[in-house]
There are 2 protein chains.
Amino acid sequence: MPRATINDIARQAGVSPTAVSFAFNSPARLSTTTVERILAVARDMGYMPNPLSRGLVAGHVGVLGLIVPQALREIFANPFFATLQQGIGSVCDEHNLGLLTLSPQNNSLELAIARAPVDGFIIVGLNEQHHEVLPLRKRGIPFVIVDGDAEIAQSVNSADEESAYAAAAHLLEQGHREVLILAFDMPHRHLDNIFYGVGARRTWGYQRAFANYGVEWRDSWFLPTQGSVEGGAQRFAQALDEGYRPTAILTASDLIALGVLRAARQRGIQIPNDLEVIGYDDIPVAELVSPALSTVRQPIMEKGRIAGELLVAALSGDTGAERVVLAAELILRETTR
Amino acid sequence: MPRATINDIARQAGVSPTAVSFAFNSPARLSTTTVERILAVARDMGYMPNPLSRGLVAGHVGVLGLIVPQALREIFANPFFATLQQGIGSVCDEHNLGLLTLSPQNNSLELAIARAPVDGFIIVGLNEQHHEVLPLRKRGIPFVIVDGDAEIAQSVNSADEESAYAAAAHLLEQGHREVLILAFDMPHRHLDNIFYGVGARRTWGYQRAFANYGVEWRDSWFLPTQGSVEGGAQRFAQALDEGYRPTAILTASDLIALGVLRAARQRGIQIPNDLEVIGYDDIPVAELVSPALSTVRQPIMEKGRIAGELLVAALSGDTGAERVVLAAELILRETTR
DNA sequence: GTGAAAGCGCTAACAG
DNA sequence: CTGTTAGCGCTTTCAC
């Protein structure tokens, strides 16, 4: 049976559809008895106003969209996103909003964006100029970029270049010269931003450190790695098999670093004695594992909270174009000496 | 500036709105040149069909709703939900759906449900008869219950009674008689199901074990606890302050158990020598912490996947009423002797 | 190959 | 205090 509509209720209660609408939205405008009668009928017939129709008329639906160029399955497996979502979620909680998490549909983020019943977007890991993001700019929908470059839109980033520099500098300072870098791996379909954004900024930081310490930069020691524990473990094992003999490793995320730790253990490599490892993010498990992971801490939750707040502000017409950059700091634990 | 509508595009391209619609949805019905012209204009003006209007007409929006009676902030901080969402997410990935996570709005889940632009719901931790869920049954919207009782709706649960029995029995078998239970704490507004659902089933399991081993059941040793590390730590510390001297503890979740571990360490209590602890869930960190947590493993991801699949099936008219119960098993690690 | 018109379910002027 | 009416933006028969 099809859902009851406002007209069904109106007919059943012997009133006009308007009256039913009022009963739900501005009960004060109806007599108490009418409201009660209408609500009773509605409850009886299991009626609820259709959120789509309502949203269509109202011009908003009370949902924020979170867009990430990865499968949902991967997003929810990643503590970085869990923490980011906590930040965004805290804003949603305050404003009675829902959070819709979206990933590419049929390999197209643009498609996912086009179909999303939301009031605005938070986009992670893509630049404003990205071809799948561009349409949003022309369309009037508010969005904020997290971990990506933006010149017009609002954005929230952390100090990637500086913190990457600090991590690399620390290792070089200790005398390391065989430093392997397990960097982010961008899927081909998103390749147009490989030279920008978070990955690029961190790379610049690494390169600046190498230059500063007079150490030769070798592209062959810069390996794109899938951003998971599994990915880190595999990439590191493969590197060993290929003959790499690093004395230190920098990774694009803690998840990757955790994979390195695991693979190292399996191969009998002592950490930090044989190999020093520095991760990135400082996700909660970083300090729980043993040895505890040295890493770069970025304020992920804060990132989410700020992104959420900027978006909510934009939704209510506040059209500033803030570009927030949060500080990040090197945390030395037990995977460095 | 307001967003461009289908009419704007039609006017600009010198065609009817119908033609524009066709250009997007059934390009075959238009001449190639017309389609191109329309699409060009659309791209130019940054036009995208409004998902709400489209959903209103089509009768679906491509979004699954996940309803949990907790704040979003808490949901995303909880590895149980992260894993559950991985399961649901894998189904969404396959079917090109988005996942909308919702929590109570103005303290009302019903309100959140009413406003959600989704095709169906997955409801966690509430029974079918719950007053905030009941309206869904009358309304024609498909939903599946996870971790809750259902007689009419579909549901996915794990073997709570049996696994709780196993955990308690293990401790009693070892000779423990001072067993503290840190159970789920249900917010007042959801009190109407405190005697049902997951919490109740586990309690029955505990009680059956106590009876079986001839150990007296004391309600005062059954303490509702907020389901977080913090909650577990506080509740345990408080219990100690109140004079409880347990030799073993059963907790409703690993998060709570982690809190117990932390508080125990602060007070110099040796685990497992002074105190044995068994958690519940087997979230990923459970085996990473030290000492590694003994716990009851339930297949959380599988739970999510099955719930997602049941819902997707229901969406396409498959109106079975499955009640799935997954196995759970006791995993003994280092917090038990 | 293209357009007119009706309607999805709801809200909000505007009358009465 | 209540109802009439006109859309919100889109899709979709059904004609032309």
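Note on naming: letters A, B, ... go to the chains in the order of the sequence lines (proteins, then strands), and numbering restarts at 1 for each one. Excluded from the calculations below are hydrogen atoms, water molecules and symmetry mates; all remaining heavy atoms, backbone and side chain alike, are included. As the structure is a prediction and not an experimental result, all values here were calculated from the model.
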Return each pair, listed once, that meets salt bridge (charged side-chain N to carboxylate O under 4.0 Å, His left out) where at least one residue sits in residues 306-325 of chain A; pairs must be two or more places apart or across chains.
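Passing the test, one end in residues 306-325 of chain A: A:R305-A:E309.
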
Please check if any side-chain donor atom of A:Q85 sits under 3.5 Å from a side-chain acceptor atom of A:T101, or the reverse.
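Per modelled atom types, A:Q85 and A:T101 side chains form a pair under 3.5 Å.
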
Donor-acceptor list for residues 113-120 of chain A side chains, cut-off 3.5 Å, not counting sequence neighbours:
from	atom 1	to	atom 2	distance (Å)
A:R115	NH1	A:Q105	OE1	3.1
A:D119	OD1	A:V61	N	2.7
A:D119	OD2	A:V61	N	3.3
A:D119	OD2	A:G62	N	2.7
A:D119	OD2	A:V63	N	3.4

Pairwise side chain to side chain donor-acceptor pair (under 3.5 Å) hits with a residue in residues 41-50 of chain B, at least two apart:
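Residue pairs with at least one partner in residues 41-50 of chain B: there are none.
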
Want to settle it: does B:A58 or A:S16 sit nearer the 5' end of DNA chain D, counting the closest nucleotide to each?
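Here A:S16 is the residue nearer the 5' end.
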
Below 4.0 angstrom, which residues in residues 32-45 of chain B have at least one non-hydrogen atom near DNA chain D?
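Nothing qualifies; none.
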
Where does the chain B footprint on DNA chain C start and end, counting 5' to 3' with a 4.0 Å heavy-atom cut-off?
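Footprint of chain B along DNA chain C, 5' to 3': C:dG1 to C:dG9.
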
Using chain A heavy atoms and a threshold of under 4.0 Å, write down where along DNA chain D the contacts begin and end, 5' to 3'.
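Range of nucleotides within reach of chain A: D:dC1 to D:dG9.
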
May I ask you to say what B:V15 touches in the nucleic acid, namely base, sugar-phosphate or nothing, with a heavy-atom cut-off under 4.0 Å?
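Sugar-phosphate: the residue B:V15, judged by heavy atoms under 4.0 Å, touches backbone atoms but no base.
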
Have a look at the helix from C:dG1-D:dC16 to C:dG16-D:dC1 and give the angle its two end axes make, five pairs each, rounded to 10 degrees.
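Axis angle across the helix from C:dG1-D:dC16 to C:dG16-D:dC1, nearest 10°: 40°.
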
Who are the side chain to side chain donor-acceptor pair (under 3.5 Å) partners of B:S16, not counting sequence neighbours?
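Residues passing side chain to side chain donor-acceptor pair (under 3.5 Å) with B:S16: none at all.
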
Checking A:S53 now: which residues fulfil side chain to side chain donor-acceptor pair (under 3.5 Å) with it, not counting sequence neighbours?
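So A:S53 forms no side chain to side chain donor-acceptor pair (under 3.5 Å) with any residue.
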
Where along residues 23-30 of chain B does a heavy atom fall under 4.0 Å from DNA chain C?
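Those residues whose heavy atoms fall under 4.0 Å from DNA chain C, taken from residues 23-30 of chain B in numerical order, are B:R29, B:L30.
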
Check side chain to side chain contact (heavy atoms under 4.5 Å, CB included) between B:T33 and all other residues, then give those that pass, not counting sequence neighbours.
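Side chain to side chain contact (heavy atoms under 4.5 Å, CB included) check on B:T33 returns B:S31.
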
Qualifying residues under side chain to side chain contact (heavy atoms under 4.5 Å, CB included), relative to A:L326, sequence neighbours excluded:
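A:V156, A:S158, A:P299, A:E302, A:K303, A:I306, A:V324.
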
Position toward the 5' end of DNA chain C (nearest nucleotide), A:I6 or B:T18
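Looking at the nearest nucleotide for each, B:T18 comes out on the 5' side.
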
